[in-house]
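Here is the structure we will look at.
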Amino acid sequence: MKVFFRLIRLLKPQLPLMLLGALLSVITVLANISLLAVSGWFITLMAIAGTSGITVNYFTPAAIIRFLAIVRTAGRYAERMLTHRATFNALADLRHYFYQQLEPLLPYYRINLRSGDLLARLQQDIDNLDNFYLRVLLPMVVALISVPIVCYALAIFSPAIAWVMLSALLVVAIIFPVISYFASTTLSKEKSHLESHLTEELINGIGAIKTLLVYQVSISYQRSIASMTKQYYDVRYHLVKINAGLSAITFILIHLSALVCFFVLLPQLSAGDVDSKSLVAVILLVLVSFETVSSMPLALQLLPQSLASATRLFAIIDKEKPTEIGIQSVQQGNINFENFTFSYPEQQSPSLVDINLSIKAGEKVAIIGASGAGKSTLVNLLMGFWPTGLALSSTHDLSVANLSVSAASAPSTTPVKDDLSNGRITINDIDLSLLNQESLREHIALMSQQGYLFDASISDNLRLAKHDVTEEEMRHVCELVNLTSFIDSLPAGFDTWLGSTGIGLSGGQAQRLQIAQLLLRSASVLILDEPTKGLDRRNEEEVMVNILDHVKQQKQSLLVITHKPLMLEKMDKIIVMEQGKIVAQGSHKQLSSNNNYYKQLLNYF
């Protein structure tokens with residue numbers, strides 16, 4: 001129920017539209033019930049008048065029937081328009097809300113969150129929530145309001161009929177939905193899981209189609225997808241069977257209720273207490289009154305699936321979030337790591353241990369080490385992707401408070417660690433956690449190893465780095481990375497459209513375009529993670545010479561993760577890392593002469 005009420009709170013901005021839609025739905029249902037009852041009464045009246053030759057006033061009943069027909073038609077149109085508008089608005093709000101909550105978590109939990117799974121949750125699971133209002137909440141509200149009104153109207157005519165109908169309606173509104181809920185809960189959760197898993201597998205498979213073909217496993221992959229699809233449709237088939245079975249039983253109950261009411265009214269008809277017109281009207285009202293509760297079994301069948309989807313979404317955004325407390329602007333100065341130790345969330349061993357490092361303003365520094373040595377962690381910390389210092393303490397305090405509140409209801413499966421980091425990182429003697437994140441990322445620019453090019457034009461991708469960049473500036477940075485001649489050879493030049501993830505470029509061209517993006521930034525510190533990966537020898541030399549000249553002209557600091565001797569020779573200082581520790585520092589010449597591990601790394605790479 002906690003997830004249920006949490007979803008209700010998230011839908012609060014659409015509450016006026018939803019309530020208005022529910023009101024129109026109730027009016028439409030009642031108009032439809034009244035229309036059939038009045039029509040039955042009127043048709044019977046006209047039949048009697050025709051056979052007996054009596055004169056009747058048919059203008060008033062005909063006007064009432066027309067009015068009810070107009071109300072039903074107009075109400076149904078307005079109800080569908082408002083309820084669907086509220087649903088679409090709610091889905092848009094939910095996607096925005098979940099993205100806002102997810103954004104600060106992605107770098108923080110990057111090692112635990114898979115892109116295919118995230119896309120499945122943001123798309124499939126949120127799409128599943130469109131049932132929550134239309135097919136779960138709305139039928140409940142309609143039944144809650146309409147059933148008492150119908151039973152009250154029947155009680156005025158015959159209390160016995162009212163009790164019979166109240167019993168029948170409660171069976172359809174409560175007992176059948178409860179049966180549907182318990183029969184469908186496990187299946188609905190399995191359906192939600194299979195939908196997400198199938199979406200994730202399809203996304204990953206399409207992205208890796210070349211690899212599947214190269215290793216000749218595409219057939220086995222297809223069989224895996226076919227098997228998963230069969231499981232999914234088997235689950236759906238069982239859910240449909242449950243709903244169809246309850247619908248059939250409801251259909252029988254509706255007609256049995258009408259038959260019982262008919263036999264209850266027969267003695268009164270014989271005694272003259274009830275006329276034939278009223279008998280027909282009541283029987284038709286009994287038949288159509290089940291419209292108020294007919295959607296309840298399906299509503300309770302869809303509820304577990306909606307809650308399962310919501311639970312999967314909340315499971316991500318409820319992770320411990322980094323707390324941003326920084327308000328100070330970044331000033332150019334030295335960058336210092338002081339006895340700094342860091343562990344990723346949900347990991348036991350630290351990724352960085354006792355890091356002591358100083359990077360002076362304008363200095364060119366290289367970081368070298370084997371895979372997993374902590375190089376990327378070091379530079380990502382500088383970008384503020386993970387909380388450190390006081391920000392980490394605030395995050396920890398908030399998590400402990402949240403755990404204390406929720407401890408009575410459910411134990412936490414993820415322990416909160418109070419030793420994610422020790423020591424501190426400073427820029428110009430100011431703790432990194434006290435610096436404003438936007439100011440920090442204006443001061444430090446990063447080209448990561450997992451850079452991304454959007455499905456847009458070359459110029460649009462460059463504008464991500466600087467929104468007001470001129471064509472002259474674009475040409476200048478592209479000249480620095482030897483891309484100008486290639487771009488000029490394209491029919492559309494800088495307006496050439498790149499495919500998803502820059503598929504229109506070769507690996508080396510995509511790498512150079514990302515370097516060009518970085519060089520457009522007016523940051524004081526540039527960080528490049530393996531910038532010459534995928535470049536041939538000639539381009540590597542020319543690009544690195546141009547980068548170093550650019551940095552010198554702009555008076556920028558340079559921090560490079562690389563293993564290329566050509567770049568290492570031109571660095572002011574080289575940091576050698578092994579298993580999260582700095583094991584050596586010095587110039588290329590010094591390390592080459594007296595550090596065996598450094599020489600091993602150069603020979604290896």
Side-chain angles (χ1 to χ4, degrees), residues 21-80 138-139 141-170 172-173 250-251 253-296:
L23 176 62
L24 286 172
S25 186
V26 170
I27 291 172
T28 302
V29 167
L30 294 178
N32 190 46
I33 293 171
S34 303
L35 176 62
L36 193 58
V38 174
S39 296
W41 179 87
F42 182 57
I43 291 170
T44 307
L45 173 65
M46 296 307 295
I48 293 172
T51 55
S52 61
I54 62 174
T55 303
V56 297
N57 174 19
Y58 62 86
F59 289 105
T60 301
I64 292 173
I65 289 171
R66 288 192 182 95
F67 172 74
L68 291 173
I70 291 171
V71 169
R72 183 187 67 171
T73 305
R76 182 67 68 195
Y77 173 80
E79 175 257 324
R80 291 292 171 87
L138 191 59
V141 173
V142 170
L144 192 63
I145 298 174
S146 301
V147 168
I149 294 174
V150 169
C151 290
Y152 177 75
L154 288 171
I156 294 174
F157 182 82
S158 169
I161 296 295
W163 282 112
V164 169
M165 282 306 297
L166 179 61
S167 302
L169 289 172
L170 288 179
V172 179
T250 301
F251 181 81
L253 181 61
I254 289 172
H255 290 83
L256 283 176
S257 300
L259 191 61
V260 169
C261 292
F262 177 74
F263 283 114
V264 169
L265 290 175
L266 270 181
Q268 298 181 40
L269 180 67
S270 302
D273 295 334
V274 175
D275 57 33
S276 56
K277 304 186 296 296
S278 300
L279 175 66
V280 173
V282 169
I283 297 303
L284 289 175
L285 190 149
V286 166
L287 287 171
V288 77
S289 63
F290 281 89
E291 183 183 343
T292 59
V293 295
S294 60
S295 298
M296 285 298 295

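Rounding to the nearest 0.5 Å gives a distance of 10.5 Å between CG of Leu287 and CG of Leu259. With values rounded to the nearest 0.5 angstrom, Ser25 atom OG is found 8.5 Å from Arg80 atom CZ. Between the SG atom of Cys151 and the CE atom of Met165 there is a distance of 6.5 Å, given to the nearest 0.5 Å. Here Ile161 contributes atom CD1 and Leu166 contributes atom CG; the two are 12.5 Å apart, rounded to the nearest 0.5 Å. Of the inter-residue distances, the one linking Thr73 atom OG1 with Leu68 atom CG reads 10.5 Å to the nearest 0.5 angstrom. To the nearest 0.5 Å, atoms CD1 (Ile48) and CG (Asp275) are separated by 7.0 Å.
Residues passing the salt bridge (charged side-chain N to carboxylate O under 4.0 Å, His left out) test with Arg76 are Glu79, Glu291, sequence neighbours excluded. Applying the side chain to side chain contact (heavy atoms under 4.5 Å, CB included) test to Leu256 and every residue at least two apart in sequence or in another chain returns Ile252.
No side-chain donor-acceptor contact under 3.5 Å links Ser278 to the backbone of Val274. Listed for the Thr51 side chain is a donor-acceptor partner under 3.5 Å among the backbone atoms of Ala47. Between the side chain of Ser167 and the main chain of Trp163, a donor-acceptor pair closer than 3.5 Å is present. Under a 3.5 Å cut-off, the side chain of Ser289 and the backbone N or O of Val286 do form a donor-acceptor pair.
Across all their heavy atoms, Ala22 and Leu138 have their closest contact at CA-CD1, 3.5 Å. When all heavy atoms of Arg72 and Thr28 are compared, the pair lying nearest together is O-CG2, 3.7 Å. Across every non-hydrogen atom of Val293 and Ala143, the tightest pair is CG1-CB, 4.0 Å. Minimum heavy-atom separation, Val71 to Ile27: CG1-CG2, 3.9 Å. The two residues Ser146 and Val26 have their closest heavy-atom pair at OG-CG1, 3.8 Å. Of all non-hydrogen atoms in Ala168 and Ser257, the two that sit nearest each other are CB-OG, 3.3 Å.
Looking only at side-chain heavy atoms (C-beta outward), Leu265 and Phe157 come within less than 4.5 Å of each other. Between Leu284 and Ile33, every side-chain heavy-atom pair lies at or beyond the 4.5 Å cut-off. Counting only heavy atoms from C-beta outward, the side chains of Trp41 and Val280 never approach each other to under 4.5 Å. Within the 4.5 Å cutoff, the side chain of Ile64 has no heavy atoms near those of the Phe42 side chain. Cys261 has its side chain within reach of Ile283: a pair of non-hydrogen atoms, C-beta onward, lies under 4.5 Å apart. Side-chain contact between Val172 and Ser294: absent, with no pair of heavy atoms (C-beta onward) separated by less than 4.5 Å.
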Go through the steps for Phe290 and His255 under the test side-chain contact (heavy atoms from CB on, under 4.5 Å), then give the verdict.
CA-CA 10 Å; Phe290 281 89; His255 290 83; over 6 Å; no
Pair Ile145-Leu30, side-chain contact (heavy atoms from CB on, under 4.5 Å): steps then yes or no
CA-CA 10 Å; Ile145 298 174; Leu30 294 178; 5.9 Å; no
Can you check side-chain contact (heavy atoms from CB on, under 4.5 Å) on Val164 and Leu154, steps first, answer last?
CA-CA 10 Å; Val164 169; Leu154 288 171; over 6 Å; no
Mind running side-chain contact (heavy atoms from CB on, under 4.5 Å) on Leu279 and Phe262 for me, showing each step along the way?
CA-CA 8 Å; Leu279 175 66; Phe262 177 74; 3.9 Å; yes
